[in-house]
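Side chains are part of it too, since the values below use all heavy atoms of this structure and drop only hydrogens, waters and symmetry mates.
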Amino acid sequence: AFSVVSKLLSQHKLDLLEELVSAEVLQVLKEKISLLPDNHRDALAADIDAIMYTTEGDVRIYYDDDGRKFVSILMRFWYLNGANLPDEVPGETKVFQIVFGDESTKEKRHLLTANYEFQREFTEGAKPDWTITRIEHPRLLE
């Protein structure tokens with residue numbers, strides 16, 4: 001889900017996110033994405049093969065005022081991206097130089113992070129759909 005959503009964000013295809021992302025988050029994304037420079041938008045995309053590490057940041061089970069049961073999982077992703085970002089992007093990990101073939105061919109990659117929160121209702125009879133309720137790409141989507 002992270003890879004698909006991040007690619008749709010980078011392609012500015014926000015209408016395709018309506019079933020995956022909460023309405024509140026989608027509204028904020030629409031405002032932020034339109035203001036991003038192209039290189040920052042490109043850096044949002046995380047190819048599934050470029051995801052280096054994932055970890056859960058927080059897992060919560062809670063009930064709303066009507067007694068409905070929810071589960072929320074905050075996931076953190078580290079991924080490589082070749083977008084044309086400055087080497088001194090604050091708060092990011094140092095740029096990797098990957099050499100393919102000979103020394104004259106170098107490809108820059110940034111190790112970037114993203115936080116996505118997934119929520120699902122577990123009340124009996126509720127649809128088993130997960131919704132993304134938070135999307136953070138530090139230093140890119142602020």
Side-chain angles (χ1 to χ4, degrees), residues 1-101 104-142:
F2 164 62
S3 180
V4 169
V5 170
S6 69
K7 287 179 186 177
L8 291 172
L9 284 174
S10 81
Q11 297 166 1
H12 204 254
K13 295 182 178 178
L14 302 179
D15 55 321
L16 298 177
L17 295 175
E18 288 180 7
E19 299 293 318
L20 303 172
V21 178
S22 72
E24 297 84 11
V25 171
L26 195 54
Q27 183 59 40
V28 171
L29 288 172
K30 286 179 181 179
E31 295 168 11
K32 289 183 177 184
I33 294 284
S34 64
L35 302 174
L36 285 182
D38 289 343
N39 62 338
H40 281 216
R41 197 173 318 138
D42 293 343
L44 296 175
D47 187 66
I48 196 156
D49 295 331
I51 299 171
M52 305 308 295
Y53 185 72
T54 62
T55 186
E56 66 279 346
D58 188 24
V59 178
R60 295 182 299 134
I61 298 172
Y62 61 95
Y63 295 86
D64 70 4
D65 293 337
D66 296 325
R68 298 182 308 168
K69 182 178 181 179
F70 293 88
V71 172
S72 176
I73 302 172
L74 178 64
M75 294 295 299
R76 185 161 201 180
F77 301 91
W78 284 264
Y79 63 101
L80 290 174
N81 182 286
N84 186 21
L85 295 173
D87 290 349
E88 67 279 351
V89 174
E92 297 303 331
T93 304
K94 185 70 179 141
V95 175
F96 290 90
Q97 296 287 337
I98 301 171
V99 179
F100 294 102
S104 65
T105 309
K106 288 188 178 180
E107 185 178 345
K108 279 185 171 181
R109 296 282 182 157
H110 291 272
L111 182 60
L112 302 170
T113 62
N115 301 308
Y116 281 48
E117 185 175 59
F118 299 87
Q119 182 185 74
R120 178 179 166 206
E121 184 177 351
F122 273 87
T123 308
E124 189 172 326
K127 292 179 11 181
D129 298 335
W130 287 91
T131 302
I132 299 172
T133 55
R134 182 176 10 166
I135 295 178
E136 297 171 340
H137 285 261
R139 309 290 183 233
L140 296 174
L141 195 58
E142 293 185 340

Requested in this report: Output all residues satisfying side-chain hydrogen bond (donor to acceptor under 3.5 Å, both in side chains) with K32, sequence neighbours left out; order by chain, then residue number.
Outcome: none
Report summary line: So CZ of R120 and NZ of K69: to nearest 0.5 Å the spacing works out to 10.5 Å
Report task. Flag the pair V21 / I135 as yes when at least one side-chain heavy-atom distance between them is below 4.5 Å, and no otherwise. Result -> yes
Report summary line: Smallest heavy-atom separation, S10 atom then R41 atom, equals CB-O, 2.9 Å
Query raised in the report: Is there side-chain contact between L36 and L44, with at least one heavy-atom pair below 4.5 Å?
Result: yes
Query raised in the report: Does one side chain, of Y79 or H110, offer a donor that lies under 3.5 Å from an acceptor on the other?
Result: no
Query raised in the report: Would you call L8 and L14 a side-chain contact if the rule is heavy atoms closer than 4.5 Å?
Result: no
Report summary line: Nearest heavy-atom approach of A114 to P138 is CA-CD, 4.3 Å
**Report entry** Distance, nearest 0.5 Å, that separates CG of D38 from CG of N84
**Finding:** 10.5 Å
Report summary line: One should read off an interatomic distance between L9 CG and L141 CG, to the nearest 0.5 angstrom, of 7.0 Å
Query raised in the report: Do L20 and L26 have side-chain heavy atoms sitting under 4.5 Å apart?
Result: no
Query raised in the report: In Å and rounded to the nearest 0.5 Å, what is the NE2 to NE2 distance from H137 to H40?
Result: 13.0 Å
Run the side-chain donor-acceptor check on residues 48-61: report pairs under 3.5 Å with partners two or more places apart or on a different chain.
none

Query raised in the report: Under 3.5 Å, is there a donor-acceptor pair between the side chain of T133 and the main chain of Q119?
Result: no
Query raised in the report: Is the backbone N or O of R76 less than 3.5 Å from a side-chain atom of N115, with the two atoms forming a donor-acceptor pair by type?
Result: no
Query raised in the report: With sequence neighbours left out, what residues match F70 under ring pair (Phe, Tyr, Trp, His ring centres under 6.0 Å)?
Result: Y62
Requested in this report: Go through the steps to decide whether L17 and V5 satisfy the test side-chain contact (heavy atoms from CB on, under 4.5 Å), and finish with yes or no.
Outcome: CA-CA 7 Å; L17 295 175; V5 170; 4.0 Å; yes
Query raised in the report: What's the shortest heavy-atom distance between I33 and H12, and which atoms?
Result: CG2-CD2, 2.7 Å
**Report entry** For the student: nearest non-hydrogen atoms of D47 and S3, plus distance
**Finding:** C-OG, 3.8 Å
**Report entry** ring-ring contact (aromatic ring centres under 6.0 Å, His included), paired with F2, selected from F118, W130, F77
**Finding:** F77
Query raised in the report: Would you say the side chain of L80 lies within less than 4.5 Å of the side chain of L112, judging by non-hydrogen atoms?
Result: no
Query raised in the report: Is the backbone of A45 close enough, under 3.5 Å, to the side chain of N81 for a donor and an acceptor to pair up by distance?
Result: yes
Query raised in the report: Is there a donor-acceptor pair closer than 3.5 Å between any side-chain N or O of T131 and the backbone N or O of S22?
Result: no
